[in-house]
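Every chain is numbered from 1, with letters handed out A, B, ... down the list of sequences. Side chains included, hydrogens not; waters and symmetry mates left out as well; all remaining heavy atoms used.
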Number of protein chains: 2
Amino acid sequence: MTIDSPDFRVAVADLEGFIARILHRAGADAASAQAVTRALVTASRMGTDSHGLRLLPHYIQALQGGRINGRPKMQFSQRLPATGYLDADDGLGHLAGYTAMAHAADMAEKVGLGAVAVGNSSHFGAAGCYALAAAERGLIGMAFCNSDPFVLLHEGRSPFHGTNPIAFAAPVNGQAPYLLDMATSSVPWNRVQQYGAIGRELPDQVAADAAGRVTRTPAEVSALLPLGGSDFGFKGAGLGGMVEILSSTLSGMLNGFRLLPMGGPDMATPRGVGHFFLAMNPDAFNGNASFETCLREYLEDLRAQPANEGAEVLAPGDREWRCLGMRDAKGIPLDRANQAAYAALAEQFDVEPLTPVR
Amino acid sequence: MTIDSPDFRVAVADLEGFIARILHRAGADAASAQAVTRALVTASRMGTDSHGLRLLPHYIQALQGGRINGRPKMQFSQRLPATGYLDADDGLGHLAGYTAMAHAADMAEKVGLGAVAVGNSSHFGAAGCYALAAAERGLIGMAFCNSDPFVLLHEGRSPFHGTNPIAFAAPVNGQAPYLLDMATSSVPWNRVQQYGAIGRELPDQVAADAAGRVTRTPAEVSALLPLGGSDFGFKGAGLGGMVEILSSTLSGMLNGFRLLPMGGPDMATPRGVGHFFLAMNPDAFNGNASFETCLREYLEDLRAQPANEGAEVLAPGDREWRCLGMRDAKGIPLDRANQAAYAALAEQFDVEPLTPVR
């Protein structure tokens with residue numbers, strides 16, 4: 001969901017500098033600041049505004065409250081040649097994510113596959129960032145994360161899973177990667193808030209009231225339905241469960257149902273979020289064919305399919321890469337709320353405020 | 001979708017013996033017959049009737065037509081310590097599946113993870129069977145397979161992906177495994193046929209007519225919608241694409257859009273179906289906690305959630321394990337169509353027909 005505000009766009013480099021400086025002033029070390037900046041700006045460039053620059057004020061609050069450790073001593077333990085565990089020392093999830101995926105990718109280059117479970121972590125922004133980091137090294141990457149409960153189980157009446165995302169990226173010969181990054185609910189929680197703010201009805205079968213009844217009225221919503229809605233939500237809930245098992249059970253963390261809420265009010269206690277990262281070496285399977293070339297051929301078939309009138313058939317990531325090209329050229333838009341939040345951060349930390357591109 | 005026919009139930013051992021004998025008479029070698037029997041009977045015991053005993057006549061037809069090789073020389077090539085490729089020599093996909101997952105599991109026990117891409121294979125029945133085979137060895141198992149096109153892309157007007165399933169299984173301390181086995185469409189193709197036969201309307205947002213318009217009338221259906229329907233089908237289509245990439249691109253096979261149709265009429269030409277199997281050693285991540293015990297605790301939280309009136313909150317697999325207990329005790333039901341098909345096979349191959357349990 002992209003809300004472009006044509007009157008206030010900032011250059012990518014300016015945004016990077018601003019975010020990094022604010023994080024530095026708020027006590028984050030260089031590696032943490034760099035990882036958060038990379039993740040938030042990547043998401044904002046791709047148009048994933050729910051997981052982009054909007055999140056900076058939240059992370060600052062969590063750093064200042066003590067929930068998140070801005071100077072973590074993250075420790076990687078290799079277990080077997082293809083597996084390991086990263087203790088994130090309650091640091092920023094973005095540093096945990098890039099660090100863990102780098103270890104997974106190292107293993108995949110050596111032994112074909114690599115996976116890292118991460119414990120004692122925190123919110124990591126958009127899962128796609130870490131899958132993408134593997135694809136940028138010529139590998140298939142997958143990333144998973146649990147979160148506090150927002151989503152009903154199938155036939156359930158109270159939230160149990162988070163929006164538990166699945167991200168999958170794969171390198172394509174001469175093109176931007178295939179990039180799927182999806183919540184296992186139909187919509188993210190902040191879609192309900194956005195629609196409520198502008199008085200818009202939600203799509204059918206995406207949310208429910210406190211009694212578990214489907215509702216399209218944002219003000220009545222107390223939980224999201226899993227992908228598939230009332231009839232087929234067992235699929236979304238099953239995928240959400242898979243993400244939960246990989247993220248929290250493998251890492252020995254509490255399951256999402258027992259996590260402290262991301263939104264607070266407790267900003268002092270570490271939450272113990274778990275992640276899971278998998279990297280696969282696509283040249284370590286079929287000995288003959290070139291994976292990246294075959295994937296390009298598959299995408300050519302896909303994009304050539306006839307579309308509904310007025311619509312397009314797109315591969316996962318196509319919309320994002322198009323947005324990235326546009327925003328790199330014209331700047332990244334800040335809506336009114338983000339303009340205000342960023343101005344407040346600039347004042348609070350005595351940092352030069354962002355100025356729009358002309 | 002379970003259609004129990006209370007008047008004709010057969011004992012599990014009788015069904016196993018019958019299927020194995022028919023396959024033997026139709027020219028399958030012992031390993032192939034054993035693998036098909038194991039997969040079909042497992043699916044039928046669990047109530048996955050769309051992928052159980054119903055498929056035997058189809059496989060016999062493909063064996064007799066020459067599409068499937070009943071005496072394959074499958075060849076496994078280890079690539080790196082965690083990866084390999086299985087050339088299935090146009091044999092039965094069930095043998096390819098169990099063989100490939102066994103190799104993946106061997107690697108996972110040694111190096112933590114193992115994955116095998118399979119090429120030159122055929123329909124393998126229910127994906128869950130192979131994920132389950134990993135869980136029975138104390139590992140997390142995942143299985144994927146492509147198929148000929150039945151499912152629209154998001155905003156697409158012609159079928160592109162198959163129902164490309166995702167299966168995920170994990171061992172639980174003292175209980176049957178967690179088992180998710182789902183198509184990336186909302187319903188399988190044979191659901192449309194079943195509903196057509198009994199004059200029932202389909203659920204909304206699961207199928208479309210030849211113009212790509214959503215329809216609930218089985219006779220009008222020409223393709224399935226991806227999971228998520230008109231609004232959120234980009235998620236189901238993205239997952240279907242992930243399955244396609246893992247199954248056909250990694251194995252160097254044609255993508256599903258270019259596969260010969262499963263249903264014929266050509267029963268002589270091998271189809272070149274691809275599969276992908278992944279095994280993960282759950283004890284090779286977090287050094288402290290016991291995965292199987294933590295998974296049981298997560299499932300206790302899950303099953304304790306409040307349910308909608310008249311409904312139950314179940315974990316993936318709960319319904320299947322319950323059905324398995326019932327069918328192991330009372331026998332596996334054959335509906336009229338399967339009774340007739342099995343009687344015809346008995347006559348064609350001069351095998352003692354199945355008799356119902358009393």
Side-chain angles (χ1 to χ4, degrees), chain A residues 77 79-83 85 111-113 115 117 119 153 155-158 160 168 170 178 180 182 186 203 212 227-228 231-232 234-235 238-239 241-242 244-245 249-252 255 257-258 280-282 284-289 291 294-295 298 301-302 305-308 311-313 315-316, chain B residues 77 79-83 85 111-113 115 117 119 153-158 160 168 170 178 180 182 186 203 212 227-228 231-232 235 238-239 241-242 244-245 249-252 255 257-258 280-282 284-289 291 294-295 298 301-302 305-308 311-313 315-316:
Chain A
S77 307
R79 298 295 183 203
L80 287 173
T83 63
Y85 174 73
V111 300
L113 303 179
L153 293 163
E155 299 289 9
R157 288 198 305 174
S158 65
F160 184 70
F168 174 91
Y178 181 100
L180 174 69
M182 56 170 268
S186 293
L227 177 64
D231 286 336
F232 302 102
F234 57 92
K235 299 195 179 203
L239 290 170
M242 177 184 81
E244 186 66 50
I245 291 167
T249 315
L250 267 185
S251 62
N255 77 59
F257 174 64
R258 296 181 175 276
M280 301 192 268
N281 184 338
F285 292 95
N286 168 39
N288 309 313
F291 175 81
C294 292
L295 183 48
Y298 158 73
D301 274 349
L302 186 154
Q305 296 307 301
N308 290 330
E312 274 182 293
V313 168
Chain B
S77 306
R79 298 294 182 203
L80 286 173
T83 62
Y85 174 72
V111 299
L113 303 178
L153 292 162
H154 188 58
E155 298 290 9
R157 288 199 305 175
S158 66
F160 184 70
F168 174 91
Y178 182 99
L180 174 69
M182 56 171 268
S186 293
L227 177 64
D231 287 336
F232 302 101
K235 298 195 179 203
L239 290 170
M242 176 184 81
E244 186 67 49
I245 291 167
T249 315
L250 268 185
S251 63
N255 78 58
F257 174 64
R258 296 182 174 275
M280 301 192 268
N281 184 339
F285 292 94
N286 168 38
N288 308 312
F291 176 81
C294 291
L295 184 47
Y298 159 73
D301 275 348
L302 187 154
Q305 295 308 300
N308 289 331
E312 274 182 294
V313 168

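- In this structure, A:K235 NZ and B:K235 NZ are separated by 16.0 Å, a value rounded to the nearest 0.5 Å.
- Heavy-atom pairs under 4.5 Å with chain B peak, among A:P203, A:P316, A:A315, A:G228, at A:P203.
- Contacts with chain A were tallied for B:N281, B:V313, B:D301; B:D301 has the most, counting heavy-atom pairs under 4.5 Å.
- Proximity to chain A (any heavy atom under 4.5 Å) is restricted, for B:F257, to the side chain, taken from C-beta onward.
- The residue among B:G212, B:P81, B:A311 with the most heavy atom pairs within less than 4.5 Å of chain A is B:P81.
- Of the atoms belonging to B:L153, it is side-chain heavy atoms, and not backbone ones, that fall under 4.5 Å from chain A.
- Contact of B:N308 with chain A is made through backbone and side chain together, with heavy-atom distances under 4.5 Å.
- Of the possible donor and acceptor atoms, one in the side chain of A:T83 sits under 3.5 Å from a partner among the backbone N and O of B:A284.
- Taking the side chain as every heavy atom from C-beta outward, A:I245 and B:F168 approach each other to under 4.5 Å.
- Taking every heavy atom of both residues into account, A:L180 and B:L239 meet most closely at CD2-N, 3.8 Å.
- With chain A as partner, the option from B:A170, B:S77, B:G119, B:G241 having the largest number of non-hydrogen pairs under 4.5 angstrom is B:G241.
- For B:D231, the part lying under 4.5 angstrom from a heavy atom of chain A is the side chain only.
- At a 4.5 Å heavy-atom cutoff, the contact between A:E244 and chain B is made by side-chain atoms alone.
- B:N286 and A:Y85 make their closest contact through CA-CD1, 3.9 Å (heavy atoms, listed as atom of the first residue, atom of the second, distance).
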